[in-house]
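Here is the structure we will look at.
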Amino acid sequence: MCGIIAQSGADDAVGTLINGLERLEYRGYDSAGIAVQNGSGIAVHKRAGDVSEIREEIQTEAASGEVGIGHTRWSTHGPPTDANAHPHTSDTGNIAVVHNGVIENHAELREFLSANGHEFTSDTDTEVIPHLIEHFRQTESETMAAFRRAIDELEGSYAIAALIRDEERVYAARAGSPLVLGLDSGQYYLASDIPAFVEHTRDVAFLEDGDVVVLESDGAQIFDRNGVPVERDVERVDWNPEEVGKGHFDHYMLKEIHNQPSSIAKTIRGRVDPADGAVAFDDLDTEVLDGVREIHVVACGTSYHAALFGARLLSDAGVRTQVFRASEYAKAAGPVSDETLVVTVTQSGETADTLSALRTAAGRGATTVTVTNVVGSTAAREADQSVFIRAGPEIGVAATKTFTSQVVTLILLSQKIAMELPDATPREDLPELLAALERIPTHLDQVIEESRAADLATWLPEHEAYFFIGRGMSRPVALEGALKFKEITYEHAEGFASGQLKHGPLALVTSDTPVFGLFTGEDVDKTVTNAKEAQTRGADIIGIGPADGPGADESDAYLRVPDTHPVCQNLLANVQLQLVSYHTANQLDRPIDKPRNLAKSVTVQ
Ligand code: F6R
């Protein structure tokens with residue numbers, strides 16, 4: 001978590017740093033800060049709160065400088081105070097550092113540095129870094145040598161950018177946390193993610209672990225972990241700068257919900273041919289499936305709900321499949337061998353729990369495929385193969401369009417795998433499913449345009465709790481509906497398999513606990529019965545399903561989805577629930593794009 005940015009070039013850096021940090025706030029927003037070389041030293045502006053606080057401070061203090069670094073924080077070591085905000089500086093103020101990651105041996109380093117006369121002013125693990133660089137500058141004649149010696153002392157994960165007084169350059173390093181280089185004519189950028197600088201350049205190079213970079217006004221030099229100069233491939237990303245703005249929407253989340261007809265169209269493009277039931281993945285070399293007898297699908301949070309969906313389709317195709325929460329994988333996986341295919345699902349490609357599971361799987365001999373949104377992410381680079389969901393940038397912390405693109409990708413991938421594995425069989429109704437998938441963008445337009453979620457949200461808030469129930473393939477949608485609801489409304493919400501309600505949770509049901517019933521997909525009649533069991537105990541039922549579908553008449557309120565293929569109905573129902581969460585959170589005046597305590601990219605275990 002945390003986002004870092006750096007710039008060096010001919011233009012003033014301050015505006016770029018602040019705009020870039022705003023684009024990185026999905027990574028954390030507890031505190032923010034920048035440091036610039038301003039001609040007479042390093043000027044640091046930092047404080048608790050989000051990036052707008054620094055923007056305001058700078059407007060009154062008129063900061064400027066052509067070389068600078070910036071940071072937006074998700075606190076790990078020390079509360080979100082002004083003192084703990086980055087950049088952190090050395091005793092002399094001659095060195096300023098921003099850092100994303102965790103320095104695991106910070107306590108020993110702090111003790112060593114304190115014994116050598118360094119005084120600490122924050123609770124952070126990061127502060128050891130500027131002091132270390134300063135310490136080694138006493139014995140090394142070159143700054144680069146001191147910088148390298150400092151990072152050689154660090155254990156843990158980091159992406160670091162440092163300014164040194166009187167040097168018009170940025171020193172940076174990456175080990176286990178993302179860092180991307182952006183190249184423009186006369187301007188160079190480093191950031192945790194591309195949206196930070198995509199309004200200036202779309203030419204990027206993904207740095208490797210162990211790389212050290214020196215950013216100057218006339219270029220960027222990259223060195224590998226042995227100090228040998230290296231070139232990294234420069235790619236042109238097809239992200240459009242408008243994609244990272246809010247447009248005319250009040251929140252990124254609402255924009256991203258509305259973006260789904262187009263993001264799903266991109267996910268599907270070139271991958272389906274309903275006429276002959278064909279599924280194609282240019283990005284998947286099917287050799288990866290040779291000898292596979294079992295599949296593990298591994299993910300966290302919302303991506304786990306997409307994984308449940310994909311795993312169910314694989315099981316239906318006759319593939320032995322298990323699904324795991326990534327944080328449990330190392331202990332729960334059971335036997336893993338070269339006959340196991342491990343599919344990690346991670347929109348960011350940087351989630352520490354998922355990366356750890358990926359490494360565990362690879363270490364135990366499994367073949368690995370990652371399903372991700374981010375080209376060049378750690379998961380994409382470490383897995384044997386990657387399949388991209390092509391959702392485009394998602395800035396709102398609550399995942400919406402990446403979830404639907406994950407689900408669509410996994411629907412297609414499950415059928416591709418079923419075509420390739422000798423003992424597996426694709427769905428009999430595959431042509432109908434593919435045809436329905438192609439209609440999803442149109443159906444989504446209809447759902448978004450006609451949704452009554454905003455009206456519903458006017459009476460929803462302030463209930464004691466909210467339950468979401470679904471069966472079979474609508475169960476992951478119920479779980480995801482509850483996760484989204486709690487994440488952005490801060491109301492208590494839980495998702496259950498509808499058949500489980502009577503085995504315990506029903507004790508919680510009262511007239512103060514609305515129940516959302518997913519009347520989509522399969523065995524809908526049974527879910528309707530379970531919902532009525534809750535209704536009998538006083539709960540209002542909010543049904544989601546096709547007009548006139550089972551449960552429509554029994555529901556106290558009803559959100560419609562087009563009457564399409566049952567698998568696709570679930571996807572459409574999910575979008576109705578996204579809108580319910582959004583409008584309820586808006587009604588409650590919650591900070592929808594930046595829910596408390598959360599960050600989008602969870603890079604700690
Ligand atoms: C919830 C949400 C999180 C993520 C989870 C995994 O809206 O976004 O639950 O799904 O942290 O993140 P990725 O997919 O990046 O591995």
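The first residue of the sequence shown is numbered 1, and numbering continues consecutively from there. Every number for a ligand or one of its atoms is a count from 1 in the order of the listing.
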- Between the side chain of T370 and the main-chain N/O of S386, is any donor-acceptor distance below 3.5 Å? no
Charged N to carboxylate O below 4.0 Å: is that the case for [X] and [Y]?
{"X": "E491", "Y": "K486", "value": "no"}
{"X": "D203", "Y": "R236", "value": "yes"}
{"X": "K600", "Y": "E350", "value": "no"}

Counting only non-hydrogen atoms and a 4.0 Å cut-off, the residues near ligand 1 are C300, G301, T302, S303, T346, Q347, S348, T351, V397, A398, A399, K484, E487, V602
- Around atom CZ of R202, are there more than 12 heavy atoms of other residues, nucleotides or ligands at under 6.0 Å? yes
Exercise for the section: Mind telling me whether H492 and F467 have parallel, tilted or perpendicular rings, with 30° and 60° as the class edges? Expected result: perpendicular
